[in-house]
**Q** 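Dropping the structure in here first, questions after.
Remember, it's a predicted structure, so these values are computed and weren't measured experimentally.
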Amino acid sequence: MAAVASTAGSAMGNGSDVLRKMNASELICDVLVNFGVTHIFGGHGGAIVGLVDAIMAHPKLTWVYNRCEANAVQAAMAYAKLHNRLGCCVATSGPGAGHLLSGLVDADQDRVPLLCITGLKAAGTMRHADFQDIDQGAIFRMAGIGLSESVSDKHQLIPLLRNALYLATTSYRCAHLAVPIDVQLASVTTPRFLNFRSENLSKHVLEHASLEQIRALALALIKERMDGHHMVMFCGWRACPFGDAIEQIAEFLDVPIVTCYDGKGCVTESNPHSFGVAGIYGFVGGGKSQEVLENCDVIVAFCMSDLTKAVADKSGMQVRRLIQIESEILAGDSNRYIALHSFESHDLAHSLPLVLDAMKNAMAKVNESFVDRNHRIRQKVRMSVIPSKQTPIDTRYCHPGLFFKNMSLLLDQDAILCADIGDNALWMASGISAVKGQRTLTSEHMGIIGFALNAGLAASCSTSRQVLVVAGDGGFQMSSNELATLKDHGCKNVLVVIIQNGRLGRVSNETWGPGVRADGCNIGSPDFVKLFEAHGYPNGKHLNTSDESEIRKAISESWKLASKQGVAVIVVHQDPETHPTMHKISAASGGVAWERYLHEMNKERNMKDSHDVIPLNKSFTLSSDSISKLNSLNEWIESHPSAVGSSYCWVGSSLLSMSPAQVFQNLLKEMNPTSPEIFSEEEREHFDKDFWRILMTSFTIEELFELFDKGSSNGYPLRFQILVLPKDSTYTLHAHPNIELIIGMQGELMEFKLTDYRHPKRMLERISHSTQPPSDADINGMMKDFEHCMVIKDEDSRSHFVDRLCTMQGKCCANQIGSVHQSYSGKESGTLLFVLWSGCHANIQLKNVKGTKGAELLREVHRC
């Protein structure tokens, strides 16, 4: 560990007042090491010489001198993404700092933890000297990066450095400090309490998710699938360590997975649930991911710092439902959109398998698989980059689609793929079938051309893994001077692939609008093989064939050469008239998803008359034998002079372990000892399966979680009970203070339903600190209190009472909190109901129903 921390720690431990003195640059280096930094990328100059001296002298830091500062910041960004830890770049004042701008903005928008330190002229000479004297702190701040400050005195350094590090590592942003050369060299005294370490930050959202949070996420995922929504899992680059769990969850839910470009390698793309990359230049990019995104209405976002491409349309409006799963960025920091459910846990590797177990346990009650449901994932479409009869090969060239198809077969399991900008990125994204454990590095938001070689430099400097660098002939020339830096550091196992077609392919091939030709895209290039040879990397290859055996041979030999001499090159000569397809989501697809979303949110407003049919998914499977036994209870039902209820079974927190069918049988036997055994063992399993399926698709995630966790709804403990209503029985008009599930076992239950109206949930909430269920006297007291305060007043005349069927034998009705109705049995026969409710209704006196259409249907009755 660095000297600062050890000295400070010992001083704190023994009470000594001894403080350590060092210069400011040495302090900065020690702090960076404490934050896990091993390599610092940058350019040199007079205004940064003090800091570079300290970097060179530090035994735990490696100084990587880049040939241009623009390349340095891109390398530092790639380093931070690859290792998921703080990256650092430095530059001198003036042009050195100016070169950093686009890379800093890119790091900030890609949400990469990056610290940039630039030099300034000596504090006493700033603003009145004309050489390399710019206010880069203000320039970067105006560009929008997370933090940009200028240090004007050595006493500012520690607090400003602390603020910059905290912002970069907790919010995954870019932070910048401009430090004058005289401050860099100034002597500073470190206080005893100075302890800059990454583990001391409030970085971890939650060390381990609680059992309640795990169950809530499992419930949210299951509910969205059981409700029939089309779900897609969308993975960002920080989700790469959790690929195993993500694949298993996708397999269980039978939903597709797509990744952002930087997330390529999070899952194995040959997995039947993987649909490739989405999010290239702001568009989908890959053909496989286009269809699933166009047809989805729920996104499960894993570690996605920018959700725009996942949930929003071109105008930025949210058109898809969102479940957000995060591991690093502080809760709410990345959420510009409304999430149905948010889950934050620093240790997703531990939490996600528990979520999967919780889903399996819950679905075991339903005894149903998501596989082969009518909304299962579609068959993958053919990759648009592979030649076909419609797009034949010109044998004078090497087809990039075939090249990358064969490259996939010769990559190590942990290879690092460094992508550039242009058609080459589309070829690579769709052509390489990545496997879990590989990583992809690219400039996602800014799309900086020339990024690939700089990312390859960062990867090869800081790891011993296989590194594939892919760039076009235009992009490679933007950073080719870094070949010398690769040589300086003895980088190994780097294969550079240059797609050469003599033009800026993506600019030239894109459709920009009527009358726009995209001229000026033709470019010349040197002989890249000779260029590499001049840098000490001989024996590169020109590839002019689409013969797959020749392609595989060239790739295999080049990897062997790279492992031997450090860097090798293959120049793929592409037909200029062949280019990949940029897939874009139809503008109408978001509207379709939004229409489905609105329909779900406004189900109650669709009930306009008495002819509504109870949905099929609210049906129970009753055998003819069970129906016959239930019908035999008619005489017993009619023997009751008025409505009566059985004893009850409080569900508590053990609802998921109960068998509703067995509870019904026990309560019925208690009420009517001569009643037959309604269900066989097999019929009991079917009834229970239907019960859990209907329960989980009828109520919100929050309502279900309260029910499963506490056995209550809106503060009211719930219970199972049988209700017997002889013919022509009527309940008092009431609102439901809690959720309620009514299962028709015999006969029909009708209702006067108040549509387009919900009584406010908070006015019906029960607040009690007692852990015991309320007594009958307590419930009667609450119902009596409600009678004096319940008023129905329709301000805009939208709601009205309709006479309709509520439930019948083998059907189920789910009453939402605040819904209002008056239920009654028919004139010809009575009704037997099995209910999950609290026993409490918020009864409403008819005199308190004011100005509501259809109120003349209501019946004045005594409480029933």
Side-chain angles (χ1 to χ4, degrees), residues 25 29 32-33 37-46 48-80 82-83 87-92 95-96 99-100 103 114 116-119 416 418 420 441 448 450-469 471 475-498 526 528-540 558-559 561-569:
S25 295
C29 290
L32 290 176
V33 168
V37 175
T38 59
H39 291 68
I40 297 178
F41 304 84
H44 219 319
I48 201 69
V49 66
L51 180 58
V52 175
D53 280 355
I55 294 170
M56 291 290 292
H58 202 291
K60 294 185 178 181
L61 290 175
T62 298
W63 166 244
V64 181
Y65 170 67
N66 292 87
R67 270 47 181 183
C68 178
E69 292 85 356
N71 299 331
V73 65
Q74 294 169 42
M77 172 182 165
Y79 169 94
L82 177 61
H83 299 289
C88 183
C89 63
V90 303
T92 191
H99 285 153
L100 298 173
L114 184 69
C116 170
I117 301 175
T118 59
I416 300 167
C418 302
D420 215 273
L441 302 173
I448 300 176
F451 180 88
L453 187 60
N454 299 317
L457 169 65
S460 58
C461 277
S462 58
T463 74
S464 58
R465 293 156 64 178
Q466 193 182 62
V467 178
L468 175 65
V469 174
F476 180 77
Q477 292 182 75
M478 298 288 288
S479 53
S480 60
N481 50 359
E482 297 304 334
L483 286 175
T485 313
L486 286 161
K487 193 69 175 177
D488 286 347
H489 289 271
C491 295
K492 296 290 186 181
N493 220 16
V494 180
L495 176 55
V496 179
V497 175
I498 302 173
F528 292 113
V529 169
K530 291 183 177 179
L531 179 66
F532 273 71
E533 185 175 358
H535 282 86
Y537 302 121
N539 303 315
S558 295
W559 276 123
L561 184 64
S563 65
K564 179 180 179 181
Q565 68 182 26
V567 179
V569 63

**Q** For Gly536 and Lys487, work out which heavy atoms get closest and say how close.
**A**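 Result for this residue pair: O-NZ, 3.3 Å.
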**Q** May I ask you to test the Ser460-His489 pair for a side-chain heavy-atom distance under 4.5 Å?
**A** no
**Q** For the backbone of Leu531 and the side chain of His535, can you confirm whether one donor and one acceptor N or O come within less than 3.5 Å of each other?
**A** yes
**Q** Just by modelled atom types, is the Val37 backbone N or O under 3.5 Å from a matching donor or acceptor in the Tyr79 side chain?
**A** no
**Q** Once you round to the nearest 0.5 Å, how far does OG1 of Thr118 lie from NE2 of His99?
**A**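 Reported value, rounded in 0.5 Å steps: 14.0 Å.
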**Q** To the nearest 0.5 Å, tell me how far Cys491 SG sits from Tyr537 OH.
**A** 6.5 Å
**Q** Using a 4.5 Å cut-off on heavy atoms from C-beta on, say whether the side chain of Thr38 contacts that of Thr62.
**A** no
**Q** A side-chain contact here means heavy atoms from C-beta on lying under 4.5 Å apart; do Cys116 and Val73 qualify?
**A**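 When only atoms from C-beta onward are counted, Val73 and Cys116 do not touch, as no gap falls below 4.5 Å.
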**Q** For a side chain to side chain contact (heavy atoms under 4.5 Å, CB included) with Phe476, tell me which candidate from Ile498, Val469, Asp420 qualifies.
**A** Ile498
**Q** Any side-chain to backbone donor/acceptor pair from Glu482 onto Arg67? Under 3.5 Å, distance only.
**A**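 Yes, the answer is positive, given that a donor and an acceptor are paired below the 3.5 Å cut-off.
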**Q** My understanding is that only residues two or more places apart in sequence, or in another chain, count here; which of them pass side chain to side chain donor-acceptor pair (under 3.5 Å) with His39?
**A**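 Residues passing side chain to side chain donor-acceptor pair (under 3.5 Å) with His39: none at all.
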**Q** For a side chain to side chain contact (heavy atoms under 4.5 Å, CB included) with Val64, tell me which candidate from Ile55, Leu457, Ile40 qualifies.
**A**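 Single pass found, and it is Leu457.
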**Q** Got a second to check how far Leu61's CG is from Met56's CE, nearest 0.5 Å?
**A**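 It is 11.0 Å, given to the nearest 0.5 Å.
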**Q** Would you name the heavy atoms of Thr463 and Leu82 that are closest together and state the gap between them?
**A** CG2-CD2, 3.9 Å
**Q** Working to the nearest 0.5 angstrom, can you tell me the gap between Cys88 SG and Ile117 CD1?
**A** 4.5 Å
**Q** Would you say Phe41 and Met77 make side-chain contact, with heavy atoms under 4.5 Å?
**A**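 No; the side chains remain at least 4.5 Å from each other.
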**Q** Could you give me the CA-CA distance, side-chain angles and deciding distance for Cys29 and Leu51, then say whether side-chain contact (heavy atoms from CB on, under 4.5 Å) is met?
**A** CA-CA 8 Å; Cys29 290; Leu51 180 58; 4.3 Å; yes
**Q** What closest approach, in Å, do Pro538 and Leu561 show between heavy atoms, and which atom pair accounts for it?
**A**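 So the minimum-distance heavy-atom pair works out to O-CD2, 3.5 Å.
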**Q** Check whether any side-chain heavy atom of Val496 lies under 4.5 Å from a side-chain heavy atom of Phe532, and answer yes or no.
**A**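 Side chain of Val496 against side chain of Phe532, heavy atoms only: contact under 4.5 Å found.
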**Q** Please find the pair of heavy atoms, one from Gly450 and one from Ser479, that lie closest to each other, and give the distance.
**A** O-OG, 2.9 Å
**Q** Is any side-chain heavy atom of Thr92 less than 4.5 Å from a side-chain heavy atom of His44?
**A**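 Result no, sub-4.5 Å side-chain heavy-atom pair not found.
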**Q** Looking only at heavy atoms, which two atoms of Lys492 and Gln565 are closest? And how far apart?
**A**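 Scanning both residues completely, I find the closest heavy atoms to be NZ-C, 4.3 Å.
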**Q** Please round to the nearest 0.5 Å and tell me the distance separating atom CE of Met478 and atom CG of Asn71.
**A** 9.0 Å
**Q** Looking at Ala459 and Val467, what are the two nearest heavy atoms and their distance?
**A**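 Reported closest heavy-atom pair: CB-CG2, 4.0 Å.
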**Q** If you measure from CD1 on Ile448 to CG on Asn454, what distance do you get to the nearest 0.5 Å?
**A** 9.0 Å
**Q** Are any non-hydrogen side-chain atoms of Leu486 and Cys461 less than 4.5 angstrom apart?
**A**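 Sidechains of Cys461 and Leu486: no contact.
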